[in-house]
**Q** 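I have a structure I would like to understand better, so I am pasting it below and will then ask my questions one at a time.
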Amino acid sequence: MTNEQGGLRGWAADRKGVFSRLRFTSLRLRLVVVFGLVALTAAVSASGIAYWLNREAVLTRAQDAVLRDFEQEMQNRAGALPEHPSQDELQLTAGQMAGGSQHFTVLLVAEDPSGKTVYGGSGGLNGFALGDVPESLRAAVNKKQPVTSGDDAEYHLYWQRIVDDGTPYLVAGTRVIGGGVSGYMLKSLEPEAKDLNSLAWSLGIATGLALIGSALLAQAAATTVLKPVHRLGVAARRLGEGRLDTRLRVSGTDELADLSRTFNNAAEALEKRVAEMAARDDASRRFVADMSHELRTPLTAITAVTEVLEEELEAESGSMDPMIEPAVRLVVSETRRLNDLVENLMEVTRFDAGTARLVLDDVDVADQITACIDARAWLDAVELDAERGIHARLDPRRLDVILANLIGNALKHGGSPVRVAVRTADDSVVISVRDHGPGIPEDVLPHVFDRFYKASASRPRSEGSGLGLSIALENAHIHGGEITAANSPEGGAVFTLRLPRDGAGLEDGPEQGKEGDAS
């Protein structure tokens with residue numbers, strides 16, 4: 001049963017693949033349809049014209065021969081009859097007239113000496129009678145025409161084509177010059193109709209062959225034209241995937257070759273531009289990293305001095321001059337800020353260079369949040385809603401960085417109390433940090449994780465560097481997680497951190513480090 005289902009699925013997949021290649025928006029299908037329509041139109045037009053011309057030629061040739069023979073027989077045989085012949089004479093003459101080469105049926109009509117209308121027929125064709133002749137034809141035959149200098153005949157020959165039970169016939173009639181006998185002829189055109197039907201079948205077969213040939217020709221032309229286009233599409237996809245060394249093989253001098261050359265030139269220019277940008281980016285990262293490293297040495301010394309100054313400020317002896325105390329406090333504050341900025345810059349540089357590593361461990365999330373809050377003396381300002389026993393495989397140091405930035409940002413820019421809640425969803429752990437402040441302006445929300453972005457342009461200087469939320473987001477990404485920012489319907493801002501519990505998001509992600517590899 002399983003094999004049968006697999007076969008059905010494979011068959012369905014094959015059909016789907018065929019139909020996807022022949023979708024109605026496909027250029028290949030449109031080319032085939034256009035070629036087919038053009039060929040069909042040309043073949044049908046040519047066949048129709050050929051059929052019409054041959055039909056007229058065949059019918060006219062057969063008709064002219066029959067009418068000529070009938071007219072000759074009327075002149076020679078019917079013209080020799082007396083003005084008022086008997087029925088026997090009409091019968092004999094009609095039989096003689098029908099015995100010619102055309103084998104038509106003849107009906108002769110006249111008045112006998114007593115003035116009675118008599119008929120004489122050659123028989124055959126189910127008994128050709130005067131009722132079989134169209135009334136309009138009989139009226140025209142018996143109508144006397146005026147004699148002119150160009151035409152001295154009082155009666156003319158008239159003919160008409162009729163169809164009886166699907167069989168075409170030629171009916172003709174005339175009257176002997178000077179009056180007397182009227183003659184009618186009936187000739188079957190069935191042989192000519194069969195010839196024309198054979199011709200129609202032949203033209204139809206030729207049209208079908210022309211349509212098939214045009215479809216094959218269109219397929220060949222489409223393959224020739226679309227193969228370079230397909231190669232161009234594949235190359236464009238590879239280029240979009242970042243394989244900037246992709247190039248097309250150029251052959252010929254047509255428009256498609258020009259398009260391939262244009263693509264190659266564009267790809268080469270793009271590769272060169274990206275290489276230049278990457279070089280400048282590498283140089284910028286090296287500059288920031290080198291600058292940060294160079295700053296750490298003097299900062300270490302400055303930090304040691306500021307610690308001594310801070311101890312002097314906190315000493316009860318009051319040895320610090322009150323005049324310089326504000327300046328000393330400013331130096332201590334700005335030194336700490338500069339130290340944090342350098343550390344943040346170095347962390348950002350690691351993320352940009354791709355050298356940041358994870359040191360994963362089995363972490364109780366509630367314990368980790370408690371430790372983060374306790375280490376920063378935030379216990380009185382933060383409400384924790386987290387059950388113990390929710391474990392996740394995370395990097396404790398980087399989780400602490402994320403939590404410190406989110407909670408610290410909520411305390412600094414939001415309103416107390418800050419509420420931290422933990423829950424599980426599917427295979428993830430979700431940590432939400434909500435404050436009770438005014439919330440985040442709608443125009444600021446899209447930029448809260450941008451580096452060095454500050455919501456108030458009028459306060460470019462603040463305690464923060466503008467890198468904290470960006471670093472928190474990078475640490476979430478390196479875990480395979482995400483951070484989102486929004487405003488709560490009850491008021492205040494909500495930052496939601498979602499991290500995988502088992503490190504599943506790291507299968508193709510950052511390389512995991514061992515103990516001691518953390519930066």
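Just so you know, these numbers come straight off a predicted model, no measurement behind them. Hydrogens, waters and symmetry mates are skipped; everything else that's a heavy atom, side chains included, is used.
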**Q** Looking at Leu244, is its backbone amide N or carbonyl O close enough to the side chain of Arg247 to form a donor-acceptor pair, meaning the two atoms are under 3.5 Å apart?
**A**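 Confirmed, Arg247 side chain pairs with Leu244 backbone.
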
**Q** Distance-only, no hydrogens or angles: does the Asp69 side chain make a donor-acceptor pair with backbone N or O of Ala65 under 3.5 Å?
**A** no

**Q** In the structure I gave you, are the side-chain heavy atoms of Leu186 and Asp132 within less than 4.5 Å of one another anywhere?
**A**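 No, side chains not in contact.
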
**Q** Does Gln91 use its side chain to pair, donor to acceptor, with the backbone of Gly121 at less than 3.5 Å?
**A** yes

**Q** Answer yes or no: are there more than 12 heavy-atom neighbours, outside Asp426 itself, under 6.0 Å from its atom CG?
**A**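 No, because the 6.0 Å sphere around CG of Asp426 holds 12 heavy atoms or fewer from other groups.
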
**Q** What heavy-atom pair brings Pro134 and Ile162 nearest, and what distance separates the two atoms?
**A**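 Of all heavy-atom pairs spanning Pro134 and Ile162, the closest is CG-CG2, 4.0 Å.
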
**Q** CE/Met97 to CG/Leu92 distance, rounded to the nearest 0.5 angstrom?
**A**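 Rounded to the nearest 0.5 Å, the CE-CG separation comes out at 12.0 Å.
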
**Q** Between Asn487 and Val494, is any pair of side-chain heavy atoms under 4.5 Å apart?
**A**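 Asn487 does not reach Val494 side chain to side chain.
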
**Q** Show the numbers, then the answer: is there a side chain to side chain contact (heavy atoms under 4.5 Å, CB included) between Asp164 and Tyr169?
**A** CA-CA 7 Å; Asp164 186 16; Tyr169 293 96; 3.7 Å; yes

**Q** To the closest 0.5 Å, what do you measure between CG (Leu232) and OG (Ser260)?
**A**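 Spacing of CG (Leu232) from OG (Ser260) equals 6.5 Å.
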
**Q** Show the numbers, then the answer: is there a side chain to side chain contact (heavy atoms under 4.5 Å, CB included) between Val234 and Arg231?
**A** CA-CA 5 Å; Val234 173; Arg231 288 200 298 264; 5.7 Å; no

**Q** Could you check whether atom CG of Asp427 has more than 12 heavy atoms from other residues, nucleotides or ligands sitting under 6.0 Å from it?
**A**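 For Asp427, atom CG is not crowded (no more than 12 foreign heavy atoms under 6.0 Å).
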
**Q** Which pair of heavy atoms, one from Ala476 and one from Ile483, lies closest together, and at what distance?
**A** CB-CG1, 3.7 Å

**Q** Let's go through Glu482 and His477 carefully: what are the C-alpha distance in whole Å and the side-chain angles of both, what is the deciding distance for side chain to side chain contact (heavy atoms under 4.5 Å, CB included) to 0.1 Å, and is it a yes or a no?
**A** CA-CA 6 Å; Glu482 186 60 66; His477 286 168; 3.2 Å; yes

**Q** Pick from Val430, Asp385, Ile431: which one makes a side-chain contact (heavy atoms from CB on, under 4.5 Å) with Arg423?
**A**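 Testing Arg423 for a side-chain contact (heavy atoms from CB on, under 4.5 Å) against Val430, Asp385, Ile431 leaves exactly one candidate, Val430.
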
**Q** Please examine the side chains of Ile440 and Val448, heavy atoms only from C-beta on, and report whether any two atoms are closer than 4.5 Å.
**A** yes

**Q** A side-chain contact here means heavy atoms from C-beta on lying under 4.5 Å apart; do Lys144 and Arg175 qualify?
**A**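 Of all side-chain heavy-atom pairs linking Arg175 with Lys144, none is under 4.5 Å.
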
**Q** Restricting to non-hydrogen atoms, name the atom on Phe104 and the atom on Phe70 that form the minimum distance, rounded to 0.1 Å.
**A** CZ-CA, 3.9 Å

**Q** Looking only at heavy atoms, which two atoms of Tyr155 and Val176 are closest? And how far apart?
**A** CD1-O, 3.9 Å

**Q** Go through Thr484 and Phe495 one step at a time and tell me if the side chain to side chain contact (heavy atoms under 4.5 Å, CB included) criterion holds.
**A** CA-CA 6 Å; Thr484 57; Phe495 286 83; over 6 Å; no

**Q** I'd like to know if the side chain of Asp435 reaches the main chain of Gly492, judged simply by a donor and an acceptor atom lying under 3.5 Å from each other, with no hydrogens or angles considered.
**A** no

**Q** Tell me if the CD atom of Glu276 is crowded by more than 12 foreign heavy atoms within 6.0 Å.
**A**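 Enclosed: over 12 neighbouring heavy atoms sit under 6.0 Å from CD of Glu276.
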
**Q** Heavy-atom distance under 4.5 Å between the side chains of Lys116 and Glu111, does that happen here?
**A** no

**Q** Would you find a donor on one side and an acceptor on the other, under 3.5 Å apart, between the side chain of Asn475 and the backbone of Ile471?
**A** yes

**Q** Check whether any side-chain heavy atom of Val66 sits under 4.5 Å from a side-chain heavy atom of Trp159, and report yes or no.
**A** no

**Q** When rounded to the nearest 0.5 angstrom, what distance separates CG in Leu499 from CD1 in Ile402?
**A** 5.5 Å

**Q** Nearest 0.5 Å please: distance from the NZ atom of Lys272 over to the CG atom of Leu270.
**A**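 Rounded to the nearest 0.5 Å, the NZ-CG separation comes out at 12.5 Å.
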
**Q** Please check this pair: side chain of Thr93 against backbone of Ala78, looking for a donor-acceptor N/O pair closer than 3.5 Å.
**A** no

**Q** What do you reckon, is CD of Glu490 surrounded by more than 12 foreign heavy atoms closer than 6.0 Å?
**A**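 Counting neighbours around CD of Glu490, more than 12 heavy atoms of other residues, nucleotides or ligands fall under 6.0 Å, so yes.
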
**Q** For a 4.5 angstrom cut-off between non-hydrogen side-chain atoms, does Val106 reach Tyr184?
**A** no

**Q** Checking the side chain of His479 only, and the main-chain atoms of Leu394 only, is there a donor and an acceptor separated by less than 3.5 Å?
**A** no

**Q** Tell me yes or no: between the side chains of Asp450 and Ser470, is some donor less than 3.5 Å from an acceptor?
**A** no

**Q** Once rounded to the nearest 0.5 Å, what's the spacing between atom CD of Gln63 and atom NZ of Lys187?
**A** 12.5 Å

**Q** Between Asp362 and His391, which heavy-atom pair has the shortest distance, and what is it?
**A** OD1-CB, 3.6 Å

**Q** For residues Ser114 and Asp112, is any side-chain donor paired with an opposing acceptor at under 3.5 Å?
**A** yes

**Q** Let me confirm one number: the CE-OG1 distance from Met185 to Thr105, rounded to the nearest 0.5 Å.
**A**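 It comes to 9.5 Å.
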
**Q** Under 4.5 Å between any side-chain heavy atoms of His156 and Tyr158, yes or no?
**A**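 The answer is yes, as the side chains (C-beta and beyond) meet within the 4.5 Å cut-off.
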
**Q** Near Arg261 CZ, under 6.0 Å, is it more than 12 heavy atoms from other residues, nucleotides or ligands?
**A** yes

**Q** Tell me the closest heavy-atom pair linking Leu406 and Val433, and the distance in Å.
**A** O-CG1, 4.0 Å

**Q** Quick one: does any side-chain atom of Glu71 pair with a main-chain N or O of Arg68 as donor and acceptor, under 3.5 Å?
**A**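 Side chain of Glu71 to backbone of Arg68: no pair is present.
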
